Participant: 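Below: one structure in structure tokens.
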Amino acid sequence: MTAPPTTQPRYGVHSEVGRLHSVLVCSPGLAHHRLTPSNCHDLLYDDVLWVEQAEQHHQGFVTLMKDRGIEVKELHTLLAETLHVPEARDWLLSRKITPDEVGLGLATDIREFLDELDSATLADYLIGGLSTHDLPRDFSPPGVQLVREESGMTDYLLPPLPNTLFTRDTTSWVYGGVTLNPLYWPARHAETLLMKAVYSYHPDFAGAVRTWWGDPEMEHGFATLEGGDVMPIGNGTVVIGMSERSSRQAITQLAMELFLGEGAEQVIVAKMPRMRAAMHLDTVFTLADRDVCTVFPGIIDQIETFTIREAPAPTFLDVNREDRPFVDVVAGALGLDHLRVIETGGDRYMSERQQWDSGNNLLALEPGVVVAYDRNVATNKKLRAAGVEVLEIVGAELGRGRGGAHCMTQPLLRDPVD
Ligand SMILES: NC(=[NH2+])NCCC[C@H](N)C(=O)O
């Protein structure tokens, strides 16, 4: 299903730590105002947020990257710009406002209501969710009274999507192309269609994006993939966590498409235990420098590692179980003898808390320069002692959705490691 671009691709991600030039983020906003103690768990948040503080801290993160010359694209803005294109607006609304999604007897009226909105407000509702309280007082199509919002996400007119904050997961740039990920939990299913609209119609992307795998308009069954598991580390290798979220059915299909499209030569699979604390590989392992990684040992030690390469028909894939520990297999793929490993800091209680608070979830801006949450004092100290420059952002509110700087960013353009 590999779709070749029709014009010169502008974007591509060629490593995990090479210089970052362009990145996609999504600010907290309306979706987070919708979070309540009764719906937040359904929406994959462990708590409600002080939203204004989360917005400020996120802005701090954006400014830090911009000050270093990185182009930062924001999803509400990109989506609003996409919706300026009349064809895109129609494409997206005709797929979202259906009897299955909105309810029979409501779809036509809601579509009429949305058609009247300016692009920025419409983008806000598409990400933030549409509640009956947003409708004008005199607007009461039959069926609105059936809506029962207090019961969770499904009874919104449009579901709030607070996890768009974690742009890492929805799509993944892997070298010269992108995957449009079928996400695991229902609370996140609607995110990928928004990104398909952006990549298909936004003037910065239209015709210039190659899709390796995944299509939100298709039913992918058990094949689920989330970008927190996907790491194009360089040297023709992609490391993929087989986690709570990313399945072998997805990983093997992606591997095949990458081999056929000459996007990568090998996939290293990290088979992880299924648990919320380690929902993605990037919650327990990220690279900080050419030869430095941070890990949470409790989980990393349990990983079983496999290497997948291309094979002739009828098997197509050559899957090998590795005897060496995961980190050594990654080092080998990078052409290194070993990686210097920085474990989560603190005693066993503190290190478990720091992992939970995204202590191992670093975003490298260039080799040896990373962004991390301020709260993970002990881990950041160890990173600094190893020569890594740690730029801190405030994690108090942003971290409540269980994701750090790596999760909150989707690199669009990143150099290989020199
Ligand atoms: N790449 C990541 N680790 N992302 C974290 C995503 C957190 C989000 N609340 C979820 O449960 O889906």
Side-chain angles (χ1 to χ4, degrees), residues 13 16 23-29 31-32 34-35 39-49 51 54 58 61 75 127 129 152-153 159-174 179 181-192 194-195 224-232 238-247 250 270 272-287 294-296 299-300 344 354-364 370-373 376 393 395 397-411:
V13 172
E16 275 283 304
V23 74
L24 172 69
V25 302
C26 182
S27 311
H32 301 89
R34 310 278 197 209
L35 291 174
N39 73 12
C40 69
H41 293 102
D42 270 5
L43 289 164
L44 305 176
Y45 272 68
D46 297 294
D47 200 354
V48 296
L49 267 62
V51 183
H58 193 268
F61 180 27
L75 185 59
I127 294 172
M153 56 164 284
L161 303 175
N163 293 294
T164 48
L165 176 66
F166 306 110
T167 50
R168 175 70 59 171
D169 298 325
T170 320
T171 61
S172 309
W173 280 86
V174 179
T179 58
N181 300 335
L183 299 158
Y184 180 73
W185 289 104
R188 302 198 65 176
H189 286 177
E191 292 174 29
T192 315
L194 302 184
M195 288 307 305
T224 59
L225 186 71
E226 302 201 359
D229 284 311
V230 181
M231 300 187 186
V238 189
V239 175
I240 309 187
M242 191 173 124
S243 61
E244 176 193 77
R245 307 293 181 89
S246 299
S247 67
M272 302 163 60
R274 282 171 173 266
M275 55 196 287
R276 177 153 175 82
M279 65 182 107
H280 298 113
L281 179 62
D282 73 356
T283 58
V284 289
F285 169 85
T286 46
L287 286 164
T294 177
V295 308
F296 181 61
I299 305 276
I300 285 291
T344 328
Q354 300 220 338
Q355 186 275 330
W356 178 246
D357 286 325
S358 305
N360 301 107
N361 191 261
L362 309 174
L363 173 75
V370 300
V371 182
Y373 279 149
N376 296 311
I393 58 171
E397 297 300 321
L398 293 171
R400 292 181 199 270
R402 301 270 76 72
H406 196 269
C407 311
M408 290 190 291
T409 46
Q410 177 52 235

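Indexing begins at 1, ligand by ligand and atom by atom, following the structure's order. This structure is a prediction, so every number in the text was calculated from the model and none was measured.
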Participant: Has Thr167 got a side-chain atom pairing as donor or acceptor with Cys26's backbone, closer than 3.5 angstrom?
Facilitator: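 Side chain of Thr167 to backbone of Cys26: no pair is present.
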Participant: What's the shortest heavy-atom distance between Thr409 and Val23, and which atoms?
Facilitator: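 In this case the closest contact between Thr409 and Val23 is CB-CG2, 3.6 Å.
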Participant: Report yes if some N/O of Arg188 lies less than 3.5 Å from some N/O of ligand 1; otherwise report no.
Facilitator: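 Arg188 vs ligand 1: N/O contact under 3.5 Å present.
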Participant: Check ligand 1 against Arg245 and write out every atom of the ligand that is under 4.0 Å from a heavy-atom position of the residue.
Facilitator: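 Matching atoms, with element in brackets: 10 (C), 11 (O), 12 (O).
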Participant: Any N or O of Gly401 that comes nearer than 3.5 Å to an N or O of ligand 1?
Facilitator: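 There is such a contact, yes.
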Participant: With nothing but distance in play, are any N or O atoms of Glu226 less than 3.5 Å from an N or O of ligand 1?
Facilitator: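 No, there is no polar N/O contact under 3.5 Å.
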Participant: With atoms numbered from 1 as shown, which atoms in ligand 1 lie under 4.0 angstrom from a non-hydrogen atom of Asp282?
Facilitator: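 Close to Asp282: 1 (N), 2 (C), 3 (N).
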Participant: Mind checking whether Arg168 has an N or O less than 3.5 Å away from an N or O of ligand 1?
Facilitator: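 In fact, backbone or side chain, Arg168 has no N or O that close.
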Participant: Would a 4.5 Å heavy-atom cut-off, applied to side chains only, mark Leu24 and Trp173 as touching?
Facilitator: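 Leu24 vs Trp173: side chains apart.
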Participant: For ligand 1, does Met279 get within less than 4.0 Å through its side chain, its backbone, both, or neither, judged by non-hydrogen atoms?
Facilitator: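 The answer is the side chain.
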Participant: Within a strict 4.5 Å, meaning less than it, do heavy atoms of the Val51 and Leu35 side chains meet?
Facilitator: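 They are not in side-chain contact.
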Participant: List every atom of ligand 1 that sits less than 4.0 Å from any heavy atom of Asn163, numbering the atoms from 1 in the order shown and giving each element.
Facilitator: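 The list of qualifying atoms is 8 (C), 9 (N), 10 (C).
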Participant: Given Asn360, Asp169, Thr286, which one has a non-hydrogen atom that is nearest to atom 4 (N) of ligand 1?
Facilitator: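 It is Asp169 that holds the nearest heavy atom.
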Participant: Give the atoms of ligand 1, by number and element, whose distance to some non-hydrogen atom of Phe166 is under 4.0 Å.
Facilitator: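 What qualifies from ligand 1 is 6 (C), 7 (C), 8 (C), 9 (N).
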Participant: Quick one: does Arg402 get an N or O within less than 3.5 Å of an N or O on ligand 1?
Facilitator: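 In fact, backbone or side chain, Arg402 has no N or O that close.
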Participant: Determine whether Arg188 and Leu161 satisfy the following criterion, side-chain contact (heavy atoms from CB on, under 4.5 Å), listing intermediate values before the conclusion.
Facilitator: CA-CA 7 Å; Arg188 302 198 65 176; Leu161 303 175; over 6 Å; no
Participant: Evaluate Glu244 against Trp185 for side-chain hydrogen bond (donor to acceptor under 3.5 Å, both in side chains), listing each step before the verdict.
Facilitator: CA-CA 10 Å; Glu244 176 193 77; Trp185 289 104; 3.3 Å; yes
Participant: So which atom in Glu191 and which in Thr170 form the shortest heavy-atom distance, rounded to 0.1 Å?
Facilitator: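 Shortest heavy-atom separation between Glu191 and Thr170 comes out as OE1-OG1, 2.8 Å.
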Participant: So Thr294 and Phe285, do their side chains get closer than 4.5 Å, heavy atoms only?
Facilitator: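 No, too far: nothing below the 4.5 Å cut-off.
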Participant: By number and element, which atoms of ligand 1 are closer than 4.0 Å to a non-hydrogen atom of Thr283?
Facilitator: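 Answer, ordered by atom number: 3 (N).
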Participant: Is there a side-chain contact between His32 and Leu165, using heavy atoms and a 4.5 Å cut-off?
Facilitator: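 Yes, close enough: below the 4.5 Å cut-off.
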Participant: Is any N or O atom of Leu44, backbone or side chain, closer than 3.5 Å to an N or O atom of ligand 1?
Facilitator: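 Right, the criterion is met.
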